[in-house]
Amino acid sequence: MSLLVVGSVAYDALESPYGKVERTLGGAATYFSVSAAFFTHVKLVAIVGDDFDPKDEAMLRKRSIDVEGLERANGKCFFWAGRYSENLNERVTLATELNVFADFKPRLPVNYCDSKYVFLANIAPDLQRDVLHQVKCKPALVAMDTMNYWIERTNAELRETLKHVDVLMINDSETRQLSNEHNLLRAARHIFKMGPSTLVVKRGEYGAMLVDKHGMFCVPAFPLEEPHDPTGAGDSFAGGFMGYLASAKSKSDAALRRAMVFGSVLGSFAVERFGLDRLLTLKRSEIHARARHFAKLTQFKL
Ligand code: AMP
């Protein structure tokens, strides 16, 4: 089942107490695609500049990520630089250079227009809506991410996009900001009135929580002794979540619960090394072994 993603493909400069990289492939849509491609075929919509390394394109193709929707433009790729605190919980953005991303007008290749699963990664809400309008048959599931920047600056556009979305996947502070509610369950009720029927709150080292009309489900973050770089953890979570659902062709409560676990599994691998390094050496057998480890970690008898 094909899964479409629109979002950033970028070069990142990353600094954490565990080291530093000057320039490495990143971007929300990249982390999402690489993670989701362990489960299903992915169609990528994004823009890159003429500095996009052919080796990076080859890496995406090798993973059966369709790059027909990866537009090339004159100029430089989106560039982002960030530095993490000692405990990795806080980060400061040192640079955001939009470059070719500034004039991005997503255009879907014809064979993308019947995608059944759609993920709108963190970009301007009117671009997210524009992509959705180009998908001709009604998708089985549409999920999206956003961030404080869009909540503050383009709230009306964001509200319009939310009307067309099934699953909103954001972090806890974004949930509180969007809903004006501190309590996450009350926040979920508020967000359901905006359009989504499911809210997935990503809570970093505290795991993730799904709330929908059936109730809620919580998954821990996999305990790691030495996480190196949290960049892209949320996007990798989304990739594992959506990739699993697309492969399962189901939106049942049981499938959503398994999707939460696969999301947390991919997020946990993403943070083990800098940038995409760990995801690029990851094997399917390791994903399934860690999912089984999650089952053990959370199992108990009453
Ligand atoms: P995350 O750690 O989930 O926030 O994702 C980090 C990735 O998102 C990095 O690889 C960045 O290149 C990319 N990124 C950072 N800021 C933005 C932005 N404003 N819009 C789109 N992508 C971004």
Side-chain angles (χ1 to χ4, degrees), residues 5-16 21-36 44-49 51-53 56 59-60 76-85 88-104 106 119-128 131 143-154 158 168-174 200-205 208 221 227-242 263-264 266-280:
V5 57
V6 57
S8 56
V9 169
Y11 285 110
D12 292 344
L14 308 167
E15 267 179 68
S16 91
V21 284
E22 296 285 335
R23 183 177 165 89
T24 188
L25 181 65
T30 313
Y31 281 99
F32 180 92
S33 300
V34 169
S35 299
L44 173 62
V45 182
I47 188 165
V48 289
D51 57 341
F52 187 59
D53 191 332
D56 290 329
M59 179 280 289
L60 296 171
K76 286 164 82 178
C77 289
F78 181 86
F79 176 77
W80 179 79
R83 183 194 297 134
Y84 292 88
S85 63
L88 298 179
N89 282 336
E90 279 107 52
R91 93 174 167 202
V92 282
T93 290
L94 302 174
T96 301
E97 295 169 14
L98 293 178
N99 301 324
V100 293
F101 212 63
D103 300 312
F104 182 36
F119 184 69
L120 310 168
N122 173 29
I123 53 169
D126 50 350
L127 294 188
Q128 292 176 317
V131 166
M144 71 170 262
D145 188 6
T146 192
M147 68 186 289
N148 57 347
Y149 184 90
W150 307 117
I151 298 171
E152 286 155 21
R153 283 166 226 230
T154 59
L158 177 62
L168 177 64
M169 305 181 82
I170 50 181
N171 70 28
D172 36 10
S173 66
E174 291 154 357
V200 175
V201 186
K202 298 173 286 182
R203 309 185 66 204
E205 65 172 317
H228 278 54
D229 166 27
T231 309
D235 310 308
S236 302
F237 180 100
F241 181 95
M242 288 297 284
S264 202
L266 268 298
S268 72
F269 279 118
V271 305
E272 282 187 357
R273 296 273 172 276
F274 270 83
L276 286 160
D277 285 0
R278 182 65 181 99
L279 294 179
L280 296 184

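Residue numbers start at 1 and run along the sequence shown. In each ligand, atom 1 is the first atom listed, and ligand 1 is the first ligand listed. Quick caveat: nothing in here was measured; it's all calculated off a predicted structure.
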Show me which atoms of ligand 1 lie under 4.0 Å from any heavy atom of [X].
X	value
Ala10	12 (O)
Asn122	20 (N), 21 (C)
Arg91	1 (P), 2 (O), 4 (O)
Gly26	10 (O)

Side chains of Phe101 and Ile47 in contact at under 4.5 Å (non-hydrogen atoms)
yes

Using a 4.5 Å cut-off on heavy atoms from C-beta on, say whether the side chain of Tyr11 contacts that of Asp53.
yes

When you measure from the side chain of [X] to the backbone of [Y], do you find a donor-acceptor pair of N or O atoms at a distance under 3.5 Å?
X	Y	value
Ser16	His228	yes
Glu272	Asp277	no
Asp51	Cys77	yes

N/O to N/O below 3.5 Å, does that happen between [X] and ligand 1?
X	value
Met147	no
Thr96	no
Thr231	no

To which protein heavy atom is atom 8 (O) of ligand 1 closest, and what is the distance rounded to 0.1 Å?
Ala28 N, 3.8 Å

Protein residue, atom and distance nearest to atom 5 (O) of ligand 1, heavy-atom basis:
Asp235 OD2, 2.9 Å

Relative to the ring of Phe32, is the ring of Phe119 parallel (under 30°), tilted (30 to 60°) or perpendicular (over 60°)?
parallel

Mind checking whether [X] contacts ligand 1 via backbone (N, CA, C, O), side chain (CB onward), both or neither, at a 4.0 Å heavy-atom cut-off?
X	result
Asp12	side chain
Lys202	neither
Tyr31	side chain

Heavy atoms of other groups near Glu152 CD, more than 12 under 6.0 Å:
yes

Say you draw a straight line from CG of Asn148 to CZ of Arg153; how long is it, rounded to the nearest 0.5 Å?
8.0 Å

Between CE of Met169 and CD of Glu174, what distance do you get to the nearest 0.5 Å?
12.0 Å

Could you check which of Tyr11, Phe78, Trp80 puts a non-hydrogen atom nearest to atom 23 (C) of ligand 1?
Phe78

Considering Gly232, Gly7, Ser8, which one's heavy-atom position lies nearest to atom 13 (C) of ligand 1?
Ser8

Report yes or no: does Ile123 have a heavy atom closer than 4.0 Å to ligand 1?
no

Could you tell me if Tyr84 and Thr231 have a donor-acceptor pair between their side chains, going purely by distance under 3.5 Å?
yes

